[in-house]
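Down below is the structure, laid out as structure tokens.
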There are 2 protein chains.
Amino acid sequence: MSNYDFNIRERAEMFKALGNPHRLAIFHRLVACCMPGTLCDTDCVERFTVGRLGDGLDIAPSTLSHHLKELNRAGLIEMRRNGKMVECWIEPDMLDNLGSFFAIPRDELMRNTK
Amino acid sequence: MSNYDFNIRERAEMFKALGNPHRLAIFHRLVACCMPGTLCDTDCVERFTVGRLGDGLDIAPSTLSHHLKELNRAGLIEMRRNGKMVECWIEPDMLDNLGSFFAIPRDELMRNTK
DNA sequence: ATCATAATTCGACATATTTCGAAATATAGA
DNA sequence: TCTATATTTCGAAATATGTCGAATTATGAT
């Protein structure tokens with residue numbers, strides 16, 4: 001159904017990326033807001049610049065950039081330059097895929113229904 | 001509904017624990033199998049000993065023990081000694097909680113439905 | 001009590017990560 | 001072209017992690 005299919009090593013890379021409090025905070029901000037390709041696209045685009053994502057995190061710009069790069073390398077976020085700024089967002093399908101990793105297998109659900 | 005409520009730092013600890021390929025493989029084995037407090041309890045208990053969890057991972061017992069401890073400390077797995085062996089398992093509620101972290105917020109889902 | 005098996009603790013070492021500041025790059029606007 | 005702003009790259013330092021082997025602890029069996 002989706003074009004996301006990861007092996008254990010790739011998934012570990014993703015979770016490792018989420019395993020840093022700063023990166024997780026950034027990721028969570030992106031999850032909590034809207035995503036491109038959706039109705040709220042134009043409303044929120046300016047809120048997703050690299051600079052904004054670092055607000056309140058108290059880290060150097062170079063550190064922020066490094067973390068964003070890690071999230072991007074792990075395949076968790078998308079980035080695109082738009083003029084002077086770089087915009088970041090999450091693809092909803094990616095989120096679905098991540099969540100499904102924690103789903104109890106179908107047949108176990110069957111057997112476990114008491 | 002559930003008694004799991006984690007802040008960003010605690011969640012980052014969880015994802016960090018899952019961010020190692022060996023630990024993720026171990027965790028995945030536990031997810032893919034049944035859990036205590038369920039019908040399949042007695043069938044599978046012997047499959048969850050520490051020793052079995054390390055099968056095929058090609059790591060020293062001390063390393064395996066270390067990884068299990070990390071998963072346990074992060075709150076991802078449960079451990080209980082049963083005779084000579086130590087059994088490991090995952091609480092289904094924990095899994096639900098982890099998965100829900102990646103759920104697109106309700107009102108965003110509304111707005112994004114095109 | 002002794003032995004064998006399962007698992008953990010400890011200490012050590014190599015490697016990886018986080019973080020920063022300084023310098024470099026990209027781009028819009030005067 | 002020059003300037004200001006946004007972001008990235010680079011190099012260095014401190015800290016954390018993954019791994020092992022040796023020693024230790026826990027438990028059941030002889």
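Naming convention: chains lettered A, B, ... in sequence-line order (proteins, then strands); numbering from 1 in each chain.
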Hey, is CG on B:Asp58 packed in by over 12 heavy atoms from elsewhere, all under 6.0 Å?
no
Parallel, tilted or perpendicular: rings of A:His67 and A:His22 (30°, 60°)
tilted
According to a strict under-4.0 Å criterion, is A:Asn20 in side-chain N/O contact with OP1 or OP2 of C:dT18?
yes
Would a 4.5 Å heavy-atom cut-off, applied to side chains only, mark A:Glu13 and A:Lys16 as touching?
yes
At under 4.0 Å, does any side-chain N or O of B:Lys69 touch on OP1 or OP2 of C:dT9?
yes
Rounded to the nearest angstrom, tell me the gap between atom NE2 in B:His66 and atom C1' in D:dA22.
18 Å
Measure from CG on A:Asn72 to P on D:dT7 and round the result to the nearest Å.
15 Å
Note, B:Thr49 side chain near B:Lys84 side chain (heavy atom, < 4.5 Å):
no
A:Phe101 ring center near A:Phe15 ring center (under 6.0 Å)
yes
When you check the phosphate oxygens OP1 and OP2 of D:dT17, does a side-chain N or O of B:His67 lie under 4.0 Å from one of them?
no
Rounded to whole Å, the CZ-C1' distance (B:Arg80 to D:dT27) equals 16 Å
About how many Å separate CG of A:Leu95 and CD1 of A:Ile90, when rounded to the nearest 0.5 Å?
5.5 Å
What's the closest nucleotide to the side chain of B:Val50 if the choices are D:dT7, C:dT8, C:dT18?
C:dT8
Here's a test of your reading of the structure: between A:Arg81 and A:Leu64, which maps to the more 5' nucleotide of DNA chain C?
A:Leu64
NA contact type, A:His22, heavy-atom cut-off 4.0 Å: base, sugar-phosphate, or nothing?
sugar-phosphate
Which of the following nucleotides, D:dT27, D:dC20, C:dC20, is nearest to the side chain of B:Lys84?
D:dT27
Find the distance A:Leu71:CG to D:dT8:P and express it as a whole number of Å.
12 Å
Heavy-atom side-chain contact between B:Leu18 and B:His28 under 4.5 Å
no
Assign each of B:Gly19 and A:Met79 the nucleotide of DNA chain D bearing its closest heavy atom; nearer the 5' end lies the nucleotide of A:Met79
Which of C:dA7, C:dC20, C:dT19 is nearest the side chain of B:Val86? It is C:dA7
Determine whether A:Cys88 and A:Leu30 make a side-chain contact, defined as any pair of heavy atoms from C-beta on separated by less than 4.5 Å.
yes
Is the phosphate of D:dA16 approached by B:Lys16 (side-chain N or O, under 4.0 Å from OP1 or OP2)?
no
So, is A:Ser65 close to the D:dT8 phosphate, meaning a side-chain N or O under 4.0 Å from OP1 or OP2?
yes
Atom-pair distance (CD1 on B:Ile59; P on C:dT8), nearest Å:
12 Å
Between the two ends of the helix from C:dA1-D:dT30 to C:dA30-D:dT1, what is the bend in degrees, rounded to 10 degrees, where each end axis spans five pairs?
20°
Using atom CZ of A:Arg23 as one end and atom C1' of C:dT18 as the other, report the distance to the nearest whole Å.
8 Å
Whole-Å distance separating the CE atom of B:Met85 from the C1' atom of C:dA4:
13 Å
Please give, in whole Å, the distance from C:dT17 P to A:Glu70 CD?
7 Å
Does B:Ser62 get its side chain close enough to the base of D:dG21, under 3.5 Å, for a donor-acceptor pair?
yes
